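See below for the structure under consideration.
Small disclaimer: the values here were computed from a predicted structure and weren't measured. The sequence lines fix the lettering, A, B, ..., with proteins before strands; numbering per chain opens at 1.
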There are 2 protein chains.
Amino acid sequence: MANRRASITDLAKTLGLSPSTISRALSDHDDVSEATKARVRQLAEELHYQPNQLAAALRRGRSNTLGVLVPHITGHFFPQVVHGIATEAAKLGFNVMICQSNEDARQEQKNIDLLMNSQVEGILVSLANTTQSFGHFEAVRQQNIPLVFFDRVVEDFSGSNVSAVMIDDYQGAYQVVTHLIEQGCTRIAHFTGPLHLNIHKNRHQGYRDALAAHGLPLDEELIMFCEMSQKGGTQAMRQLLKLPRRPDAVFSSNDLAAIGAIQAVKSARLRVPKDVAVVGFSNEMFTMLTEPMLSSVDQRCEQMGKTAVQLLQKMLKSGPNRQGPPKPIVLKPRLLVRESSQRR
Amino acid sequence: MANRRASITDLAKTLGLSPSTISRALSDHDDVSEATKARVRQLAEELHYQPNQLAAALRRGRSNTLGVLVPHITGHFFPQVVHGIATEAAKLGFNVMICQSNEDARQEQKNIDLLMNSQVEGILVSLANTTQSFGHFEAVRQQNIPLVFFDRVVEDFSGSNVSAVMIDDYQGAYQVVTHLIEQGCTRIAHFTGPLHLNIHKNRHQGYRDALAAHGLPLDEELIMFCEMSQKGGTQAMRQLLKLPRRPDAVFSSNDLAAIGAIQAVKSARLRVPKDVAVVGFSNEMFTMLTEPMLSSVDQRCEQMGKTAVQLLQKMLKSGPNRQGPPKPIVLKPRLLVRESSQRR
DNA sequence: GTGAAAGCGCTAACAC
DNA sequence: GTGTTAGCGCTTTCAC
């Protein structure tokens, strides 16, 4: 019943040729006559011959597969990056194996092993947020399997086949604040999450530096450490509006809290952006749905995936005998100015 | 330089044992002495031995890998389903290879071939919307590779190793309309996209039948064929509000248009849900962010992915000698009543 | 232009 | 308990 697949040996027997000739014909090798190629191709077609990639990969020592390890495939960011990875990988002729660490260091380790056992040719990783030690990547480095970290990277992990792609959060924040200043805002508040997370730390620093660069004073009471949810944003905004001198703008470290801020401003009968301009971060899908539409920062998720694959490809092509690994790439985020911050 | 990986043969030589013993020891086979197992394991550890899955898979004729083919990994729905698939597959010990058809029938075909060549043990597919013919699935059926369609299924494609998972759109719509009627609404409008798409057709039918079942008249002027975007929803709602007898509720076939409707109602100085109750479909992330929060229908995306994998597993375990394939599974959607439709 | 032969790394049937 | 042997399906030298 289970119609065994036709193999090269089968084709060979049927045509009275040797397996090697069949193999060569199928891969369009120069030194097979056109006539033979034609016969082979036709029979392959008829029998629905499907080359066994496993066998080919084993023989060649190349699996043609890339491994991807992400914390999860939910929310806004990772699906988009994965989409970018899958698309670029397909373009370059790679298959993609995807694993999730579920933000768990142990699963991350197991998945790294799994990917290596599956003989992937390269690995793309975004770290689980519980990962503290990096022994499991040591093995990857030792085997000289090209490794690209994206977004959540190990800063001090280098090697001849290791690279990284990140987004410049600092720069994104800096752009936001500069933009707000250009719109005439002078008391710019900042919503941030815990600063031990890089994304918040860098955005926070960009905020401070942009203020300083434009000669604006830093008012600590405008910096709100809040839960970065809609509710958190609403609460933080309510507090700010009670200040004797209330802010005329908010830069929120994510979009959710920014939306909360807009809602709080509106329910205080103030106007966005006239009384308070608001800018978020990440360019989530729903930024287009609010009234007014929320200005935000595009993190170029797909580009990140694409770039990560390209880095991998570069390492694969040049082999380990090279002047160091490709430099880490830092993507420039794009400020998207929408209604919530456009005052003139 | 490229530290070749240790192989079973290497372990065998080092320990003065035969490869088969090593293999058995590593897979914890009963008839290897504990002493030997211990020695083998220790050496394996030391040398960072990683079994070559490719070779094992080739030999066993089982790759331990499932293939997933989706139109794309963007938006709300597919990432969630893929997440469900990946999670369940990992739980059952499968790797997952993911491809995107980009809504293109030709790429779909190529990817199916690719997955088969990669010797996946089963395939999960959601059809590209351009797919008209199904020859490429014929090959899968012939090879007896278990195949599960999810969400976008081929209705009349059956086989001993083919099954499907869908969501009951009709039922979801029916629930929505029943709920609105229970809230006291009597003139319930419906926003729908083109009816040649199954999702819209079924939701539309659910709408009609629910009205009829509760003895409410069907008013064709309340059925709006509109673009299912925020803007489309706004425009459709504006038109409806101009009617002599305006509707007191809207059931939109998706969330985006529902949000548009809410905005139109609000800017007409009417209130949601008091004057017009609104319910969407799909339970997108942003339904929680609107004011009032949007009632919607949860499509149970993750559950769909999980169920699809379980169906595959069932076919794999029982083999082809069975009384027909597992029955297609139709998931019951869940109505989530939020503020936008709660009138009492 | 084609064939013979070896072997990728692993497993499993069969010996002892 | 352990070893011997063969082979999964393919590619690739080396021969002719």
Pick out the pairs of N or O atoms, protein on one side and nucleotides 7-10 of chain C on the other, that lie under 3.5 Å.
| unit_1 | atom_1 | unit_2 | atom_2 | d |
| --- | --- | --- | --- | --- |
| C/dG7 | N2 | A/Arg59 | NH1 | 3.2 |
| C/dC8 | O2 | A/Arg59 | N | 3.3 |
| C/dG9 | N2 | B/Ala55 | O | 3.3 |
| C/dC10 | OP1 | B/Tyr49 | OH | 2.5 |
| C/dC10 | OP1 | B/Asn52 | N | 3.2 |
| C/dC10 | OP2 | B/Ile8 | N | 2.5 |

### Query
Taking only residues two or more places apart in sequence or in another chain, which ones pass ring pair (Phe, Tyr, Trp, His ring centres under 6.0 Å) with B/His72?
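Listed in chain order: B/Phe78.
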### Contacts of type ring pair (Phe, Tyr, Trp, His ring centres under 6.0 Å), residue B/Phe137, not counting sequence neighbours
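Ring pair (Phe, Tyr, Trp, His ring centres under 6.0 Å) list for B/Phe137, sorted by chain: B/Phe149.
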### Query
Does B/Thr21 place a side-chain N or O at less than 4.0 Å from the phosphate oxygens OP1/OP2 of D/dT2?
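B/Thr21 to D/dT2 OP1/OP2: no side-chain N or O under 4.0 Å.
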Tell me every residue that passes side-chain hydrogen bond (donor to acceptor under 3.5 Å, both in side chains) with [X], counting only those two or more places apart in sequence or in another chain.
X: A/Ser33; value: A/Thr36
X: A/Gln313; value: none
X: A/Glu103; value: A/Asn129, A/Arg152
X: A/Arg106; value: none

### Task
Have a look at A/Leu43 and tell me which of A/Leu17, A/Ile22, A/Leu15 forms a side chain to side chain contact (heavy atoms under 4.5 Å, CB included) with it.
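Per the side chain to side chain contact (heavy atoms under 4.5 Å, CB included) rule, the option paired with A/Leu43 is A/Leu15, out of A/Leu17, A/Ile22, A/Leu15.
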### Query
Do any of residues 113-121 of chain B sit with a heavy atom less than 4.0 Å from DNA chain D, and if so which?
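Going residue by residue through residues 113-121 of chain B, none turns out to have a heavy atom under 4.0 Å of DNA chain D.
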### Query
Which pairs count as side-chain hydrogen bond (donor to acceptor under 3.5 Å, both in side chains) when at least one residue sits in residues 111-123 of chain A, sequence neighbours excluded?
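Sorted pair list: A/Arg62-A/Glu121.
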### Within residues 25-46 of chain A: residues closer than 4.0 Å to DNA chain C (heavy atoms)
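Here the set is A/Asp31, A/Val32, A/Ser33, A/Thr36.
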### Task
Mind calculating the distance between CZ (A/Arg24) and P (D/dG9) to the nearest angstrom?
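Checked: the CZ to P distance equals 20 Å.
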Show the atom names and distances, to 0.1 Å, of all donor-acceptor pairs under 3.5 Å that link a side chain in residues 50-59 of chain A to residues at least two apart or in another chain.
| unit_1 | atom_1 | unit_2 | atom_2 | d |
| --- | --- | --- | --- | --- |
| A/Asn52 | OD1 | A/Leu54 | N | 2.8 |
| A/Asn52 | OD1 | A/Ala55 | N | 3.1 |

Only pairs under 3.5 Å count here: list side-chain donor-acceptor contacts from residues 86-96 of chain A, not counting sequence neighbours, and write none if there are none.
| unit_1 | atom_1 | unit_2 | atom_2 | d |
| --- | --- | --- | --- | --- |
| A/Thr87 | OG1 | A/His83 | O | 2.7 |
| A/Thr87 | OG1 | B/Gln100 | NE2 | 3.1 |
| A/Glu88 | OE2 | A/Gln310 | NE2 | 3.2 |

